[in-house]
Chemist: 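Below are the structure tokens for one structure; questions will follow.
Only this structure's heavy atoms are used, side chains among them; waters, hydrogens and symmetry mates stay out.
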Amino acid sequence: MPTAVQVTRTGGPEVLELAEIEPGPPGAGELLVDLAAAGVNYIDTYQRQGIYPIDLPFVLGSEGAGTVVETGEGVTEFAPGDRVTWQGVLGSYAQRAVVPASASVKVPDDVSDEIAAATMLQGMTAHYLVRSTYEVRAGDDILVHAAAGGVGLLLVQLAKARGARVLCTVSTDEKAELARGAGADHVIRYDREDFAAATRELTDGEGVAAVYDGVGKSTVDGSLASLKIRGTLALFGAASGPVPPIDPQRLNSGGSLFLTRPTLGHYLRTREELDWRAGELFAAVRDGSLNVRIGGRYPLADARKAHEDLQGRRTTGKLLLIP
């Protein structure tokens with residue numbers, strides 16, 4: 001019987017339990033997949049805690065990659081033996097899972113299962129942010145928070161590839177080096193200095209065109225203060241906690257600012273959009289212009305430690321569970 005990481009009660013990392021769970025045969029439009037790797041993401045911690053409620057019990061994890069074992073009725077684009085990857089499919093912390101064919105993408109022959117699993121959710125997030133939420137243009141100044149994290153490292157690289165000057169914030173010297181290695185032009189230690197003031201100084205008082213903020217509560221005020229007139233704050237996460245309500249008048253006084261709280265699902269509304277984003281990401285991985293850093297690999301039985309490390313800000317890059 002295959003094993004999976006199950007949540008029977010919400011709470012801290014200690015609620016993660018290893019259980020024997022048989023996902024069953026694939027239904028119409030579905031694939032049964034043997035997983036090679038599952039991605040660990042911040043949204044998993046919100047679901048575990050009950051911040052994003054899910055009916056109990058459930059198998060955690062929304063991103064993975066592996067090999068198709070069996071296809072359900074009506075599936076024509078995939079066959080047993082194909083390597084596939086996906087995001088947004090609950091139940092991915094497992095040795096075996098059933099996933100919709102509509103959410104799955106074939107893994108190129110020269111991309112490993114681990115890199116595929118590490119690319120989908122965070123890579124798609126970085127892609128929609130720089131290509132769609134605020135489309136980065138050559139010559140733009142932008143600010144990326146938590147630049148040594150999984151999304152942050154990808155954001156830096158994708159923005160640099162589009163010709164931006166990238167400012168970023170980190171909390172340690174090690175993370176500063178990783179951000180510079182990804183191409184960041186200026187690294188701000190926000191544990192040591194006021195990042196909004198530093199951003200203003202680095203942009204000759206003008207501010208940045210966009211701030212990509214996945215930190216939330218502890219950074220949102222400074223993020224707004226870092227923007228140029230008509231700048232955009234893309235608040236795509238809340239690692240430090242939920243952001244309190246913001247008075248719209250503050251956007252006016254800050255310079256007719258734009259504030260958006262985007263989520264990946266709204267940027268993957270069609271098969272064409274999924275294929276476009278995945279295609280561009282895998283093309284960048286294959287030509288070497290996008291380096292996906294795997295910062296930690298954990299067996300399924302150590303999912304609790306992976307969550308503790310992630311929330312304790314002890315990680316860089318992408319974390320994977322290896323069934």
Chemist: Under a single-linkage definition using a 4.5 Å side-chain heavy-atom cutoff for Ile, Leu, Val, Met, Phe, Trp and Tyr, are V7 and Y46 assigned to the same hydrophobic cluster?
Modeler: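 Per the 4.5 Å side-chain linkage, V7 and Y46 are co-clustered.
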
Chemist: With a 3.5 Å cut-off and no angle check, do the side chains of T45 and H307 form a donor-acceptor pair?
Modeler: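 Distance-only check fails for T45 and H307.
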
Chemist: Can a donor-acceptor pair be found between the side chains of W86 and S92 at a distance below 3.5 Å?
Modeler: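 There is such a pair (donor and acceptor under 3.5 Å, judged by atom type) between the side chains of W86 and S92.
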
Chemist: If every non-hydrogen atom of L321 is compared with every non-hydrogen atom of A306, which pair is closest and at what distance?
Modeler: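 Reported closest heavy-atom pair: CD2-CB, 4.3 Å.
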
Chemist: Under a 3.5 Å threshold, yes or no: a donor from one side chain and an acceptor from the other, between R293 and T316?
Modeler: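 Yes, because at least one side-chain N or O of R293 sits under 3.5 Å from a partner of the opposite role on T316.
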
Chemist: Without hydrogens or angle criteria, can the side chains of D213 and T219 be said to hold a donor-acceptor pair below 3.5 Å?
Modeler: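 The answer is yes; a qualifying pair exists.
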
Chemist: Do R277 and S132 pair up side chain to side chain, a donor and an acceptor below 3.5 Å, judged on atom types alone?
Modeler: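 Yes, side-chain donor-acceptor contact under 3.5 Å.
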
Chemist: Out of the candidates K318, Q47, Q87, only one should pair with N41 under the side-chain hydrogen bond (donor to acceptor under 3.5 Å, both in side chains) rule; please name it.
Modeler: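 With N41 as partner, side-chain hydrogen bond (donor to acceptor under 3.5 Å, both in side chains) holds for just one option, K318.
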
Chemist: Going from CD1 on I43 to CG on L121, what distance comes out if it is rounded to the nearest 0.5 angstrom?
Modeler: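 Going from the CD1 atom of I43 to the CG atom of L121 covers 7.0 Å.
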
Chemist: Can you name the side chain to side chain donor-acceptor pair (under 3.5 Å) partners of Q95, sequence neighbours left out?
Modeler: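 For Q95 the side chain to side chain donor-acceptor pair (under 3.5 Å) partners, ignoring immediate neighbours, are T3.
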
Chemist: Could you check whether the rings of Y267 and Y128 sit parallel, tilted or perpendicular, using 30° and 60° as the cut-offs?
Modeler: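 Aromatic pair Y267/Y128 classed parallel.
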
Chemist: For D185 and V166, indicate whether the former's side chain and the latter's backbone hold a donor-acceptor pair under 3.5 Å.
Modeler: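 Side chain of D185 to backbone of V166, a donor-acceptor pair under 3.5 Å: yes, one is there.
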
Chemist: Which pair of heavy atoms, one from T71 and one from P80, lies closest together, and at what distance?
Modeler: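 Smallest interatomic distance, heavy atoms only, reads CG2-CD, 4.1 Å.
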
Chemist: Is there a continuous path of hydrophobic side-chain contacts, each under 4.5 Å between heavy atoms, that joins I322 to I115?
Modeler: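 Cluster IDs for I322 and I115 match.
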
Chemist: So, for I294 and A118, which heavy atoms are closest and what is the spacing to 0.1 Å?
Modeler: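 So the minimum-distance heavy-atom pair works out to CG1-CB, 4.2 Å.
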
Chemist: Is a donor from one side chain sitting under 3.5 angstrom from an acceptor on the other, for W276 and E272?
Modeler: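 No, E272 and W276 have no side-chain donor paired with an acceptor closer than 3.5 Å.
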
Chemist: Given side-chain contact (heavy atoms from CB on, under 4.5 Å), test H145 with S223 step by step and report yes or no.
Modeler: CA-CA 9 Å; H145 285 305; S223 293; 2.9 Å; yes

Chemist: Taking all non-hydrogen atoms of both residues into account, name the closest pair between S240 and G216 and its distance.
Modeler: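 Closest heavy-atom pair between S240 and G216: OG-C, 3.6 Å.
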
Chemist: Any link between I229 and Y134 through a network of hydrophobic side chains (Ile, Leu, Val, Met, Phe, Trp, Tyr) touching at under 4.5 Å?
Modeler: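 No.
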
Chemist: If we count only N and O atoms by modelled type, under 3.5 Å, do the side chains of Q311 and R48 hold a donor and an acceptor together?
Modeler: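 Looking only at side-chain atoms, R48 and Q311 do form a donor-acceptor pair, the distance falling under 3.5 Å.
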
Chemist: In the single-linkage hydrophobic clustering (I, L, V, M, F, W, Y; side-chain heavy atoms under 4.5 Å), do L224 and Y212 co-cluster?
Modeler: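 No.
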
Chemist: Is L202 reachable from L155 through a run of I, L, V, M, F, W or Y residues, each pair having side-chain heavy atoms under 4.5 Å apart?
Modeler: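 As far as the 4.5 Å side-chain criterion goes, L202 and L155 are not connected within one cluster.
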
